[in-house]
There are 2 protein chains.
Amino acid sequence: MLQSFTLNKSSMANQKGVSLKEVADKAGVSTATVSRVINSKTVVKGETELRVQKVIKQLGYRPNRVAQRLRTTRGASKLIGLLIPDIQNPFYVDIIRGIEQYAYARNFAIVIGNFSQNEERQKFYIEILKSESVDAFIVAPFPGMNDYVKELVEEGYAVVCIDRGLANVDLDVVKVDNFQGAFNAVEHLIKVGHTRIAHISGNALIPTTMERISGYEAALNKYGIPIDREIVIGRNSDHQSGVELSARLLDIPNPPSAIFTSNNLLTLGALETIHTRGLKIPEQVAIVGFDDMYWSMSLNPPLTAVRQSGFEIGRITIELLHQRIADPARPYVSIVLKTELIVRNSCGYKLKMA
Amino acid sequence: MLQSFTLNKSSMANQKGVSLKEVADKAGVSTATVSRVINSKTVVKGETELRVQKVIKQLGYRPNRVAQRLRTTRGASKLIGLLIPDIQNPFYVDIIRGIEQYAYARNFAIVIGNFSQNEERQKFYIEILKSESVDAFIVAPFPGMNDYVKELVEEGYAVVCIDRGLANVDLDVVKVDNFQGAFNAVEHLIKVGHTRIAHISGNALIPTTMERISGYEAALNKYGIPIDREIVIGRNSDHQSGVELSARLLDIPNPPSAIFTSNNLLTLGALETIHTRGLKIPEQVAIVGFDDMYWSMSLNPPLTAVRQSGFEIGRITIELLHQRIADPARPYVSIVLKTELIVRNSCGYKLKMA
DNA sequence: TGTAAAAATGTAAACGTTTACATAATTAAC
DNA sequence: GTTAATTATGTAAACGTTTACATTTTTACA
């Protein structure tokens, strides 16, 4: 005899979850009471609360975040929009990890918009995120975004800028001490004996880039080494620029003995060129890069690098956002984290003890 | 005389956007008509449509996606949940980039849950994403997730698995030919003269891992090389495992002359150990890894690797999801992409021409 | 010109919550 | 044992859309 098929599968299809109303009915209370239990707003009488809790467990009820978001005013929608310039850059990945960890711990969800260093796309994502009713924006702002981000603040969104601030706009910023980080890196090169030190920088319109250039110059100045503009070059903060600009540096008649690169993609690009040409590091050309990576020791030789903790930046960002939402009038702060120079073998040791 | 301050700034704070109703009022039509114009569902009379469009432009109206999502049934909420095992792994980053690019082009937003290879956290994210009313899930399922993911399918979500499928559950899968990829890598090692080839594999509970082991074994078999279980070892698919397992391999009395690593994090870990010990690649130990990276040429020597296109996986995934939403009854498919062996300098050349 | 059919638009309910306000139950004060 | 104050709960509107259904306008055809 044939077994009858259970139709569970198809009958379950497209069912929406348990609603608050169902919980209310089953517990014999009003929807308001259930809502109050969930949000533990007003005190609900012990007995009632227990009964409602039980039904919630029993039915496996979970509030629909979309309905919550629609109903509540900004600041309670528990959603954060995250605008990332380049998700291929491990530094931003670290930031994302930090943000994610602490955001979900506070019951915030995050929506990521990776705009690939493209201004149009960043604008596009801002519009999308607005229509998703986010509470807050986390932005690493790109040149040309000043007005857009300013608008966000004026419209009442909580906004935190990471990695760099915004000219003429007051807001919360979490970044690292780029000047000091660059200074330390270049000073290290000088101390191990280099005097002809090049710098490959990133997008000149980003404050971070300029701060690192300043740190580079300050270190040279301190040791009385003249700055040669021919070997301070920059374009974009990407891998290809690293490949090409390092080639340009190595092609000049009097090439540098060391290169300081302004971020990890530039570093990797420069390494590609150096290896392709069969140059020995650090003997023929030394290199120190801004941004450490968890696999810097997998490079050959292991890379000396300026470490900035993206994870920590993420953590603090969420903290700031949380405060801002709780108190929109709190004064703006700018948090500047220290960097750390991780010395490995890509710079040479000549005068290290000097 | 004192200028009066404009209060625009503060009065704009916390304002919500322009609503459909406002558009309707200003255009002198009903909300239904505006909605129809937006969704171009029913034909709206030319003149009316033009008028509405004009008001939309004028007011800068954008539909509130949250309200849309609340109202519509599943499949129209234009939100995709993405469960990523490890955002630090560049392969998944490529997938994310592919997904993102094509998702936003189709007006889908994505929410990423990076569960860091943690089963509990994967479950946690699934619950969150459900309460965000996503249309669909993209999952690289972890051991122990079978039932959970199965449930998603049964509940009517569109689900696509990436990188690996699920035992006993029918669904759409996008992956690469792991067997062939591994086979090619190992065959290459054999052709350049290696016979004692080790394999560092990943998490044994993930199908991908097993397929790569099979490919490894098949290549050895083809050339009559006996399989030595002592040099086929695995643990997790992370950097630290690569560091430690490669050390173990190099410590045995009769160490391998070549290592085939099962993913990019293991490769980087192994490289760290090899460089730390000052071993020359490929003379003292050769290495070929699964997963190419955009900076494989920045390694020294440049890495020979099996390339799988994460970006392409992402593209196809969105395509499949789109089809599934349009036609929930479409038969399940499993898409298997070819890999490509990128030969660089980490394996040696001895018998390459043979 | 009148009527039926087709096309365009409007009305109002619904999605799942939260919350101001109203009401009911309890406690406190006399 | 009243009444007032307090506490607990309920009622219903609102958030911004979409959509089934109802109504109005237009078109087609006799």
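Remark: B:Thr317 OG1 to B:Ile335 CD1 distance equals 9.0 Å, nearest 0.5 Å. A distance of 8.0 Å separates CG in A:Asp135 from CZ in A:Arg69, rounded to the nearest 0.5 Å.
What separates CZ of B:Arg69 from C1' of C:dT17 is a distance of 15 Å, to the nearest Å. Atom CZ of B:Arg51 is separated from atom P of C:dA8 by 14 Å (rounded to the nearest Å). Rounded to a whole Å, the CD1 atom of B:Ile38 is 14 Å from the P atom of D:dG16. Spacing between atom NZ of B:Lys78 and atom P of D:dT17 amounts to 16 Å, rounded to whole angstrom units. We find that CD of A:Glu132 is positioned 15 Å from P of D:dG16, with the value rounded to whole Å. A straight line from CZ of A:Arg36 to C1' of C:dC21 spans 11 Å, rounded to a whole angstrom. Distance, B:Glu47 CD to D:dT25 P: 14 Å, rounded to whole Å. What separates CZ of A:Arg62 from C1' of C:dG16 is a distance of 16 Å, to the nearest Å.
In terms of phosphate contacts, A:Gln68 brings a side-chain nitrogen or oxygen within less than 4.0 Å of OP1 or OP2 of C:dT18. OP1 or OP2 of C:dT18 sits under 4.0 Å from a side-chain N or O of A:Ser35. Residue A:Thr33 has a polar side-chain atom (N or O) positioned under 4.0 Å from OP1 or OP2 of D:dG10.
The only option from B:Asp25, B:Leu20, B:Val23 that meets the side chain to side chain contact (heavy atoms under 4.5 Å, CB included) definition with B:Thr31 turns out to be B:Leu20. A side chain to side chain contact (heavy atoms under 4.5 Å, CB included) with A:Ile138 is found for one member of A:Ile313, A:Ile162, A:Val159, A:Ile96 and no other, namely A:Ile162.
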Passes ring pair (Phe, Tyr, Trp, His ring centres under 6.0 Å), A:Tyr157 versus A:Phe137? Steps please. CA-CA 7 Å; A:Tyr157 290 98; A:Phe137 283 88; 5.1 Å; yes
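Contact check on A:Glu319 versus A:Arg315 returns no salt bridge, with no Lys/Arg side-chain nitrogen under 4.0 Å from an Asp/Glu carboxylate oxygen. The pair A:Arg97-A:Asp94 counts as a salt bridge, with a side-chain nitrogen and a carboxylate oxygen less than 4.0 angstrom apart.
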Contact list (N/O, under 3.5 angstrom) for nucleotides 12-15 of chain C vs protein:
residue	atom	partner	partner atom	Å
C:dA14	N3	B:Arg71	NH1	3.0

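Among the heavy atoms of the strands lying under 4.0 Å from B:Val29 are primed sugar atoms or P, OP1, OP2 only; no base atom is included.
Judged by closest nucleotide on DNA chain C, B:Gly46 is the one of A:Tyr61 and B:Gly46 placed further toward the 5' end.
Taking the screw axis at each terminus of the helix from C:dT1-D:dA30 to C:dC30-D:dG1 from five consecutive base pairs, the angle between the two is 40° to within rounding of 10 degrees.
No donor-acceptor pair closer than 3.5 Å links the side chain of B:Asp163 to the backbone N or O of B:Lys175. In this structure, the side chain of B:Thr72 engages the main chain of B:Gln68 through a donor-acceptor pair within 3.5 Å.
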